[in-house]
Structures are given as C-alpha cells and as structure tokens.
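Some notes on the structure that comes next.
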There are 2 protein chains.
Amino acid sequence: MASATIRDVAREAQVSVASVSRVLNGSDNVRPEMRERVEAASRRLGYTPHAGARSLSLSRAHAIGVMLPDLHGEFFSEFVRGMDREAAKAGLQLLLSNMHADAGQAVEALKTMRGRVDGLIVMAPDIDPALLFSHLPQSLPAILVSSDCEGSAHPQIQVDNMGAAEVIVDHLVASGYRNIVHISGPAGNREAVAREHGYREAVRRHGLSPRVIQGDFSEEAGTAAASEILRNRDGADAVFAANDMMAVGALVVFRDAGVAVGGEMGLAGFDDVPLARLISPSLTTMRVDIAGIGARALTMIAAIVNGDTAPDSEPLRPELIIRQTTKAGK
Amino acid sequence: MASATIRDVAREAQVSVASVSRVLNGSDNVRPEMRERVEAASRRLGYTPHAGARSLSLSRAHAIGVMLPDLHGEFFSEFVRGMDREAAKAGLQLLLSNMHADAGQAVEALKTMRGRVDGLIVMAPDIDPALLFSHLPQSLPAILVSSDCEGSAHPQIQVDNMGAAEVIVDHLVASGYRNIVHISGPAGNREAVAREHGYREAVRRHGLSPRVIQGDFSEEAGTAAASEILRNRDGADAVFAANDMMAVGALVVFRDAGVAVGGEMGLAGFDDVPLARLISPSLTTMRVDIAGIGARALTMIAAIVNGDTAPDSEPLRPELIIRQTTKAGK
DNA sequence: TACGTTCATGTAACCGGTTACATCAAGACG
DNA sequence: CGTCTTGATGTAACCGGTTACATGAACGTA
C-alpha cells in the first residue's frame with residue numbers, strides 16, 4: 001500500500017536507481033531504449049517522486065516559509081496572492097504559519113521550518129525581529145516585510161508609513177480641515193506607530209494641534225472613536241484613521257448621526273481595502289499595493305536563495321486615493 | 001556556515017547520535033548528566049533539528065497540503081484562518097498551492113507535494129476531482145471541500161448550495177417578488193451550477209418562470225447584468241446573484257439609476273462577505289461559515305492521517321441573512 | 001566467584017532520493 | 001589484434017534524522 005519508491009521502479013525496469021533518477025530528471029547520457037523502459041515502469045507503478053527525500057539529498061527544499069500576523073480580509077489574501085504568483089514562476093512552494101499568539105510561539109514555529117524551507121518571509125509588526133531571529137540558524141536567509149526597524153541583519157521591504165500619513169494630513173489640510181483627530185492602531189504595532197508619527201509631524205508642520213484616540217485596527221475601535229468625537233462636540237472637523245476598517249467604523253457612526261461626511265466632516269483611512277471604494281460615501285485613503293509587496297518579497301528571497309545579490313529595495317510609497325469623504329472639502 | 005547537525009552535537013557532547021536524539025525527543029532512559037551534556041552542547045552550537053530529515057525517517061511530514069482556486073478577499077483569508085487555527089492545535093503546518101491556471105498545472109502542483117505532506121485538502125470547484133486524483137498516489141489521504149460531486153473515493157465537505165439557493169428564492173417570493181432573475185456563476189463551476197439548479201427548482205416550484213443571465217462571480221458581471229436588466233425594462237422585480245460580489249455590482253448600478261433596492265427591486269447575494277453588511281442598502285444574502293469549513297476540513301484530514309475513523313460530515317447549511325435589499329418587500 | 005538482569009549507551013541500518021566514481025562494452029586507430 | 005577513448009550504466013556513499021539491536025557496566029543472587 002505504501003507508495004512506490006525509486007528502487008521499486010528500478011527493479012521493475014531491471015535497471016539501477018541511478019538510471020531511473022537520470023531519466024526522470026531529464027539528464028542526457030541515457031539511451032532512448034533505457035528512457036522508455038524507465039518511463040514505462042514508472043507509469044506502471046504510478047510512481048511519484050518523494051519531494052521530501054529529494055530536498056534532503058539536494059539540500060534544497062524549493063519552499064519558502066511565510067510567517068504572518070493575524071491579518072484579515074483582502075490584506076491577507078492579496079499578500080499571499082502576490083507571493084504565490086511569483087512562487088509559481090520560481091518553482092517554489094509556500095509553507096504558511098500564521099497568527100501566532102506570542103513571540104515564543106512564533107520562534108517555535110520558525111524553528112519547525114528549519115530544513116523544510118530555503119528561506120523565510122516574515123511579517124511581524126508587533127514582534128521584535130532581533131528576538132525572532134536570535135534563535136534561528138543564521139544560515140537560513142530571511143527577509144522582513146514592513147517591519148520599520150533599523151539595523152537588522154536581514155533585508156527588508158519597507159512601506160513608507162510615516163510619509164504616507166503626512167500626505168494624508170496635507171490633503172486634509174488642503175481641503176480646509178483644521179482640527180484633525182487621529183485614530184491610532186495597536187500600541188505595539190510598528191506600522192501603526194509610524195503612521196501616528198507621520199500624523200504628528202504633519203500636524204506640527206501646519207501649526208495645528210494633534211489629538212489621538214487610541215484604536216486597534218478593528219471596526220469597533222472606529223465606531224467607538226467616532227462616538228466619542230460626537231459626544232464631545234469639541235470642534236473636531238476631520239478624522240484620519242490608521243487603517244480603513246476603523247475609518248469605516250467611524251463612517252457608519254457619522255452617517256447614522258446625520259453628519260455630512262466629506263463636507264462638514266472629513267474622513268480618511270489607510271490601506272484602500274475594496275470596501276473603501278464601495279461604501280457610501282466612498283472613502284479617501286492611501287492605497288498600498290499589497291500584492292506587489294508580497295511579490296517583491298518573494299522575488300527578493302528567491303534571489304537570495306539562488307545566491308544572486310539581493311536587490312535592496314527602496315521604501316514603497318503608498319498612493320493617495322481621493323474619494324468622497326474628503327472631496328467636497330470644507 | 002552550514003547549520004549544525006545532530007552529529008555535530010554528538011561530537012561536541014562526546015556522545016553518540018542516538019543519545020542526542022533520545023535527549024532531544026524527551027525519551028526516558030537517559031541519565032540526568034547525559035541530558036545536561038547534550039542540552040549544553042546543543043545550545044552552544046545553536047542546533048535546530050532538520051525537519052525535512054526528521055520527516056523522512058519518521059515518514060511523517062506534519063504538514064497538510066492545501067490546494068485552492070483563485071479565491072479573493074475574505075473568502076480566502078477566512079478559509080485559511082479556519083485551517084490554520086486547527087493546524088496549530090494539531091501541530092501541523094500548511095503547504096499552500098493556490099490559483100492554478102489549468103487542471104494539468106494543478107496535478108503537477110499536487111505531485112510536488114508528495115512526500116512533503118501527510119494529507120491534502122483540495123478545493124477545486126472547476127476541476128474534475130477524478131482527473132485530479134487519478135495521477136496521485138492513492139495512499140495519500142485527501143479530502144475535497146465543497147466540490148459537490150458524487151461517488152468520489154475521498155471524503156468531502158459539502159455546502160448545500162442548492163438548498164440555500166432555494167431558501168433565497170423562497171424568501172424573495174415571500175417578500176412579494178415574482179420576476180426573479182438569476183445572475184449565474186462561471187459555467188464550469190460546480191458550486192455555481194448547484195446554486196443555479198436550486199434557483200430553477202424553487203422558481204419552478206412557485207410556478208414562476210426562470211431567467212438566467214450568465215455571470216462569472218466578478219463585480220463587473222453584476223454591473224453588466226444589472227445594466228442589461230435596466231435596459232430591457234422587462235418586468236424583472238428581483239435579482240438573485242450567485243455571489244455577493246456580483247450582487248454588489250448590481251446594487252451600485254441600481255442605486256445610481258435611482259431604483260429603490262429593497263423596495264421596487266429585490267436583491268440577494270450569496271456568501272455574506274463583510275461588505276454585504278456595510279454597503280448601503282445592506283445586502284440580503286446567505287452566510288457561509290467559511291472559517292468553520294476550513295477548520296472542519298483540517299480536523300477531518302488530521303483524523304484520517306492519525307488513522308482515526310474519518311467522521312463523514314453532513315452538508316453545511318448556509319444561513320439566511322435578511323437585510324435591507326429585501327426588507328421592505330414589494 | 002560466577003551468572004543472570006536491568007538499563008544506559010553506542011553502532012549501524014534505514015527513510016528515498018542524488019551523484020561521484022567505478023565499470024564495462026563498443027568503436028577508433030595504429 | 002591490442003590499446004585507448006568515449007559514453008552508458010551500476011555501485012555505494014551521502015543528505016540528517018530515528019531506532020532496532022548489540023554492547024557492556026552495575027547490581028543482585030546463589
């Protein structure tokens with residue numbers, strides 16, 4: 001019942017295992033008659049090579065380990081789509097390990113990938129990468145995605161979160177808004193921190209005063225923040241949420257309260273989830289090319305694995321997408 | 001530079017490889033002094049076991065291969081989330097292989113998983129499973145998700161697409177709609193076919209006449225279908241789209257044309273993507289518990305891999321979610 | 001003291017591939 | 001006809017773990 005091995009095929013074809021291997025890997029130096037015998041035997045036995053054994057003897061797994069945080073929706077699927085597209089081109093598979101409760105668990109998960117992948121793509125916005133990699137064989141190539149951390153030994157793909165946040169604030173100011181409240185992301189999240197930093201910087205530059213309501217990237221956080229803003233009636237005339245889901249949560253609250261979003265109240269998010277375009281009024285936001293990041297991450301790690309020089313890429317600049325929630329202006 | 005192997009640890013600790021293996025796998029029959037020596041050596045060398053070699057000698061990869069179609073958004077991420085949750089519990093990893101252009105490529109992808117995974121979870125609504133598995137070692141356990149096909153040798157997780165479609169039509173009829181148009185999914189897709197079948201069955205049962213516009217699950221297909229309906233003005237008073245994205249495309253067209261969706265025009269989708277709740281007017285649809293399906297798929301395959309009897313599960317029944325697009329009725 | 005147990009440890013085979021090197025037959029050439 | 005070259009094929013070591021079995025020390029018993 002166990003599957004046929006290369007030795008079974010060799011026996012069936014009355015040749016040596018070396019010959020079978022040569023035929024199956026398309027080596028030259030095999031006579032046509034030999035090729036035919038082996039292929040026939042292989043077909044008769046329904047032979048499929050054992051990828052695990054192959055990668056052991058070649059010291060090449062043809063797989064990339066991917067560690068992601070607890071991503072949701074489009075964000076997750078677009079990222080994986082981008083990686084998968086390039087992985088298919090490069091003949092690589094993706095070994096997924098998501099959503100780990102804590103750093104210890106994450107380290108454990110990375111360890112179980114040793115000897116099973118040729119490289120790692122790690123996105124861990126709330127885990128210290130130094131800690132993450134200190135327990136790992138340094139010979140395993142890895143790249144960090146969007147971790148916004150300096151001085152790591154590993155190549156990184158950066159998104160210019162801070163600059164993008166400034167762009168958003170500049171746009172809100174240009175549209176006539178002056179009292180811009182920021183709904184921030186989770187405290188330990190480096191992307192969230194960078195966005196808040198950009199917000200503060202831009203507000204300061206315009207001579208305005210910052211105001212931050214702590215959020216956590218969830219729609220509920222946006223709902224809560226908007227309710228708080230309505231309750232206080234403290235002159236806030238625009239909201240910049242650190243991601244779209246919180247912006248959507250806020251939008252629904254404003255809409256239901258009869259606030260003219262895009263008119264008296266400006267609103268902007270971050271990410272450009274598909275929903276941003278479809279909700280009404282449609283949401284001004286920064287578009288991040290998630291699939292592109294995933295693709296770039298994979299081509300980078302593939303290059304490193306192949307021993308090519310890793311093209312250290314410059315930060316990705318998200319694109320400002322102006323929609324109805326800031327269109328009318330004030 | 002190459003990573004330390006178990007033999008390096010054995011040499012460093014001046015013991016045999018068998019002892020190292022015993023210590024690291026927590027076997028009894030090791031004296032405390034031995035344990036300590038090995039652990040110290042292992043730490044000194046930064047040793048991490050080679051999972052590939054381990055799985056070769058144990059004939060157990062502790063990984064599950066997952067093959068998915070070109071899924072988008074929440075659908076994909078929720079499904080993976082469900083699997084991942086259970087996989088973490090069971091100590092399994094997920095080897096992903098998405099989005100294959102054609103059946104041949106899909107078969108190839110499955111083959112490269114041989115010897116690398118202990119089982120397969122396959123969702124391939126537009127590939128004939130018989131074809132898919134005919135080229136595979138029959139010893140590799142596999143389960144099919146939502147393939148709606150009879151007489152397969154592999155256990156399946158079914159979603160009652162046909163029954164759910166009937167539920168939707170019944171609801172539309174109960175809300176007063178009579179000329180219900182169906183926007184179908186892609187032609188070869190078995191889920192889409194089952195939904196259309198349910199639609200036709202229910203419409204026939206109510207003594208109404210069916211009308212189907214061919215779609216392909218994309219938002220654009222919904223846009224096109226709705227435009228066609230408006231152009232024809234042929235008395236259609238409700239639309240049942242085979243998925244939410246098409247329903248959303250249609251909704252936007254109707255809304256922009258000033259048609260009262262939920263009043264004079266009923267509209268229902270299928271899937272309950274997050275957008276369905278957030279769009280305005282919010283969309284009546286059938287909720288499918290995607291994460292639950294993923295989780296169930298993983299527990300099933302894990303059970304089979306462990307040699308437990310596979311609990312052959314009954315079809316999942318989606319839940320009717322009534323929202324504004326059918327609320328007012330006619 | 002001689003002998004049988006028990007138990008920690010070591011040796012070597014095995015998982016299923018790849019491949020360096022050995023082997024050997026056939027053809028080239030003096 | 002003998003030798004050298006060439007090229008197809010076979011043998012066995014190796015990738016890095018696990019583990020059945022061999023080994024031998026320590027101890028109990030007569």
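Just so you know, these numbers come straight off a predicted model, no measurement behind them.
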To the closest 0.5 Å, what do you measure between CZ (Arg22(A)) and CG (Asn29(A))? 8.0 Å
Between the side chains of Arg11(A) and Asp8(A), is the shortest nitrogen-to-carboxylate-oxygen separation below 4.0 Å, so that they form an ion pair? yes
Gap separating the CZ atom of Arg81(A) from the CZ atom of Phe76(B), nearest 0.5 angstrom: 8.0 Å
Please classify the nucleic acid contact of Ser21(B) as base, sugar-phosphate, or nothing, using heavy-atom distances under 4.0 Å. base
Under 4.0 Å from any atom of DNA chain D, heavy atoms only: list the residues of residues 37-47 of chain B that qualify, in numerical order. Tyr47(B)
Return the OG to CZ distance between Ser16(B) and Arg7(B), rounded to the nearest 0.5 Å. 10.5 Å
Is the phosphate of dA8(D), meaning OP1 or OP2, less than 4.0 Å from a side-chain N or O of Asn29(A)? yes
First locate atom CD of Gln93(A), then atom CG of Leu95(B), and finally report the distance between them rounded to the nearest 0.5 Å. 4.5 Å
Hey, does Leu58(A) reach any base, or is it just sugar-phosphate, or nothing, if we go heavy atoms under 4.0 Å? sugar-phosphate
Value rounded to 0.5 Å, distance of CD1 in Ile64(B) from CG in Asp118(B): 5.5 Å
Could you give the start and end, 5' to 3', of the contact zone on DNA chain C for chain A, using atoms under 4.0 Å from its heavy atoms? dG16(C) to dT19(C)
Just call it for Val17(A): base, sugar-phosphate, or nothing, with non-hydrogen atoms closer than 4.0 Å on any strand. base
With nearest nucleotide decided by heavy atoms, which residue, Ser59(B) or Ser16(B), maps closer to the 5′ end of DNA chain C? Ser16(B)
Toward the 5' end of DNA chain C, by each residue's nearest nucleotide, Arg22(B) or Ala53(B): Arg22(B)
Say you draw a straight line from NE2 of His50(B) to OG of Ser57(B); how long is it, rounded to the nearest 0.5 Å? 12.0 Å
Consider side chain to side chain contact (heavy atoms under 4.5 Å, CB included). Of Ile143(B), Ile301(B), Leu316(B), Val145(B), which one does Arg296(B) pass it with? Leu316(B)
